[in-house]
2 protein chains.
Amino acid sequence: MAKPPASNQNGFPPARHDHARCVARALEQAEGICAKRSAQFTGLRRQVLGIIWNSHSPIGAYEILAALSSRERRPAPPTVYRALEFLQAHGLVHRIESKNAYIGCAHLETAQHAGQFLMCRACGQTAEACDKDLSRAIQKLAEKSGFSLEEQTVELSGLCPACKSKNRHAA
Amino acid sequence: MAKPPASNQNGFPPARHDHARCVARALEQAEGICAKRSAQFTGLRRQVLGIIWNSHSPIGAYEILAALSSRERRPAPPTVYRALEFLQAHGLVHRIESKNAYIGCAHLETAQHAGQFLMCRACGQTAEACDKDLSRAIQKLAEKSGFSLEEQTVELSGLCPACKSKNRHAA
DNA sequence: CACCGTAATGTTATACTATAACATTAGATC
DNA sequence: GATCTAATGTTATAGTATAACATTACGGTG
Ligand SMILES: [Zn+2]
Ligand SMILES: [Zn+2]
Ligand SMILES: [Zn+2]
Ligand SMILES: [Zn+2]
């Protein structure tokens with residue numbers, strides 16, 4: 001029985017936490033999910049997912065590409081985009097539209113879902129929420145509008161708790 | 001006292017409506033808003049806003065650029081992006097992050113606001129909602145997370161009422 | 001194991017989106 | 001009209017993403 005990933009109740013990871021466990025856990029769960037669907041969790045895909053999980057901030061495709069330079073043959077853009085496509089298709093990462101960037105899914109135990117993201121403009125840390133009331137409000141709006149909802153993008157930007165209090169002290 | 005813009009209760013414009021009025025109204029209101037702030041609603045800016053309002057679907061910057069080719073001198077990208085920057089800054093248009101595209105604000109009477117968009121994947125028509133419950137749910141989530149909310153992106157994709165019923169008949 | 005078919009990755013070129021930096025023109029102010 | 005600033009023009013380039021085709025790795029079959 002794995003412990004839940006390090007995080008405060010607010011969804012943001014504590015400033016100092018055992019991040020290696022976050023990564024290990026994500027890779028482990030990913031492996032399990034892919035196995036269940038007999039999807040190939042190849043070395044490349046694992047490596048890309050690991051790079052994305054290297055931080056709790058969204059990372060751009062070309063940053064991922066740069067991080068892959070350790071490989072003997074430095075891959076080209078399509079390689080990264082294909083890996084991202086796979087990871088997104090299996091719900092292992094989410095795309096942050098407002099940043100053209102990608103982040104690891106923090107709710108792998110929840111079947112295919114659209115993320116709700118709280119993104120700190122100061123430190124970049126991004127928390128993935130899964131707020132029932134918010135989901136319900138969106139559903140209601142769609143219904144009220146006679147709209148058949150298929151995909152959703154909810155990205156909130158501002159200051160995370162840590163940066164907020166830092167700022168207050170600075171001021 | 002101007003009549004409200006053509007729209008069903010669901011926020012989507014009726015299939016056939018006097019769209020010239022939509023455009024005229026938007027330009028008129030924009031003019032008033034700019035005047036109040038002594039911001040220059042120049043010919044270029046007016047033309048760009050007109051192009052954007054040409055439809056109820058988001059339009060890309062380079063499409064706008066192409067539509068500007070009527071000008072004696074075909075402008076370059078920065079020209080369009082600067083006009084867009086101005087229009088966004090004054091709340092006259094919104095950027096749709098998930099499409100890299102821009103759409104006219106449908107709630108000019110509401111002071112600076114973040115839009116909530118319902119986008120039809122079939123016809124492209126996009127409705128701007130202003131749902132109180134949804135806004136409240138987002139506020140609550142932010143508070144609960146100790147997050148200082150500054151900007152938000154809410155983009156919902158699916159089928160609009162018209163396309164939904166078309167689909168049903170087709171199937 | 002040799003064979004086959006498919007999925008994954010490599011490779012090259014290019015499309016699409018956006019901005020930096022500097023030159024020129026148009027408008028407001030005095 | 002001189003002066004200052006805001007707006008637009010112009011050129012070049014950065015950043016993001018995909019098309020198209022070649023090659024390699026993999027899973028199953030006989
Ligand atoms: Zn961590
Ligand atoms: Zn997720
Ligand atoms: Zn209209
Ligand atoms: Zn609006």
Side-chain angles (χ1 to χ4, degrees), chain A residues 30-31 34-52 57-90 92-103 124 153 155, chain B residues 30-31 34-52 57-90 92-103 124 153 155:
Chain A
E31 184 140 11
C34 290
K36 231 177 261 171
R37 309 184 190 172
S38 43
Q40 297 181 233
F41 194 49
T42 65
L44 177 67
R45 288 164 178 175
R46 164 184 288 272
Q47 197 179 352
V48 168
L49 185 56
I51 290 165
I52 291 172
S57 306
I59 182 177
Y62 280 72
E63 287 178 84
I64 296 171
L65 190 59
L68 281 174
S69 61
S70 63
R71 301 211 135 205
E72 25 190 289
R73 294 193 194 170
R74 193 171 191 271
T79 300
V80 168
Y81 282 102
R82 282 187 291 227
L84 286 171
E85 192 180 16
F86 173 89
L87 295 172
Q88 284 182 266
H90 290 280
L92 303 175
V93 310
H94 295 285
R95 176 179 161 86
I96 305 293
E97 298 291 349
S98 58
K99 294 190 174 179
N100 296 331
Y102 306 82
I103 193 167
T153 299
E155 298 171 8
Chain B
E31 185 140 9
C34 289
K36 231 178 260 173
R37 309 184 191 173
S38 44
Q40 297 179 231
F41 195 49
T42 66
L44 176 68
R45 288 164 178 174
R46 165 184 289 271
Q47 196 178 352
V48 169
L49 186 57
I51 290 165
I52 292 172
S57 304
I59 180 175
Y62 280 73
E63 287 178 83
I64 296 171
L65 190 59
L68 282 174
S69 61
S70 61
R71 302 211 134 204
E72 24 191 289
R73 295 193 194 168
R74 193 171 191 270
T79 299
V80 168
Y81 282 103
R82 282 187 292 227
L84 286 170
E85 192 180 15
F86 173 90
L87 296 172
Q88 284 182 267
H90 291 280
L92 304 175
V93 311
H94 295 286
R95 175 177 161 84
I96 304 293
E97 297 292 349
S98 58
K99 292 190 175 178
N100 297 331
Y102 306 83
I103 192 166
T153 299
E155 298 172 7

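Quick note on labels: first sequence line is chain A, next is B, and so on, each numbered from 1.
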(request) Would you indicate, yes or no, if D/dA7 has its OP1 or OP2 atom less than 4.0 angstrom from a side-chain nitrogen or oxygen of B/Arg82? (result) no
(message) Measuring only between side-chain heavy atoms, which start at C-beta, is A/Gln40 closer than 4.5 Å to A/Phe86?
(response) no
(request) Calculate the interatomic distance between A/Leu87 atom CG and C/dT9 atom C1'; express it in whole Å. (result) 14 Å
(request) Counting heavy atoms from C-beta on, name the nucleotide in D/dT16, C/dT17, C/dG10 closest to the side chain of A/Pro75. (result) C/dG10
(request) Compare the minimum distances between each of D/dT11, C/dA8, D/dG9 and the side chain of B/Ala76, then state the nucleotide with the smallest one. (result) D/dT11
(message) One pair to check against side-chain contact (heavy atoms from CB on, under 4.5 Å): A/Val48 and A/Thr79. What are the steps and the verdict?
(response) CA-CA 10 Å; A/Val48 168; A/Thr79 300; over 6 Å; no
(message) Tell me if the side-chain of A/Arg74 makes a donor-acceptor pair with the base of C/dG10, cut-off 3.5 Å, by modelled atom types.
(response) no
(message) In this structure, how many angstroms lie between the C1' atom of C/dA8 and the CZ atom of A/Arg73, rounded?
(response) 14 Å
(request) Rounded off to whole Å, could you give me the CG-to-P distance for the B/Leu84 and C/dT17 pair? (result) 12 Å
(message) In whole Å, I'd like the distance from the CZ atom of B/Arg45 to the P atom of D/dG9.
(response) 11 Å
(request) Indicate, yes or no, whether a donor-acceptor pair under 3.5 Å links the base of D/dA17 to the side chain of A/Tyr62. (result) yes
(request) Specify the separation, in whole Å, of atom CD of B/Glu85 and atom P of D/dA7. (result) 10 Å
(message) B/Arg95 vs B/Asn100, test: side-chain contact (heavy atoms from CB on, under 4.5 Å). Steps then yes/no.
(response) CA-CA 7 Å; B/Arg95 175 177 161 84; B/Asn100 297 331; 3.0 Å; yes
(request) Starting from C1' on C/dT9, measure out to CD1 on A/Ile64 and report it in whole angstrom. (result) 17 Å
(request) Give a yes/no on whether any side-chain N or O of A/Thr42 is located under 4.0 angstrom from OP1 or OP2 of D/dA25. (result) no
(message) Whole angstroms only, please: what is the CD-C1' distance between A/Gln88 and D/dA17?
(response) 12 Å
(request) Respond yes when some side-chain nitrogen or oxygen of A/Arg95 is under 4.0 Å from OP1 or OP2 of D/dA17, and no when none is. (result) yes
(request) Please tell me if the side chains of B/Leu87 and B/Tyr102 come closer than 4.5 Å, counting only heavy atoms from C-beta onward. (result) no
(message) Counting only side-chain nitrogens and oxygens, does B/Thr79 get under 4.0 Å of the OP1 or OP2 atom of D/dG9?
(response) yes
(message) Using OP1 and OP2 only, check whether a side-chain N or O of A/Tyr81 sits under 4.0 Å from D/dA17.
(response) yes
(message) Could you tell me how far apart B/Leu44 (CG) and D/dG9 (P) are, to the nearest whole angstrom?
(response) 6 Å
(message) I want to confirm an ordering. Mapping B/Gln40 and B/Pro77 to their closest nucleotides on DNA chain D, which one lands closer to the 5' end?
(response) B/Gln40
(request) Flag the pair A/Arg45 / A/Cys34 as yes when at least one side-chain heavy-atom distance between them is below 4.5 Å, and no otherwise. (result) no
(request) Compare the minimum distances between each of C/dA20, C/dT12, D/dG9 and the side chain of A/Pro78, then state the nucleotide with the smallest one. (result) C/dT12
(request) Hey, which sits more toward the 5' end of DNA chain C by its nearest nucleotide, A/Phe86 or B/Tyr102? (result) A/Phe86
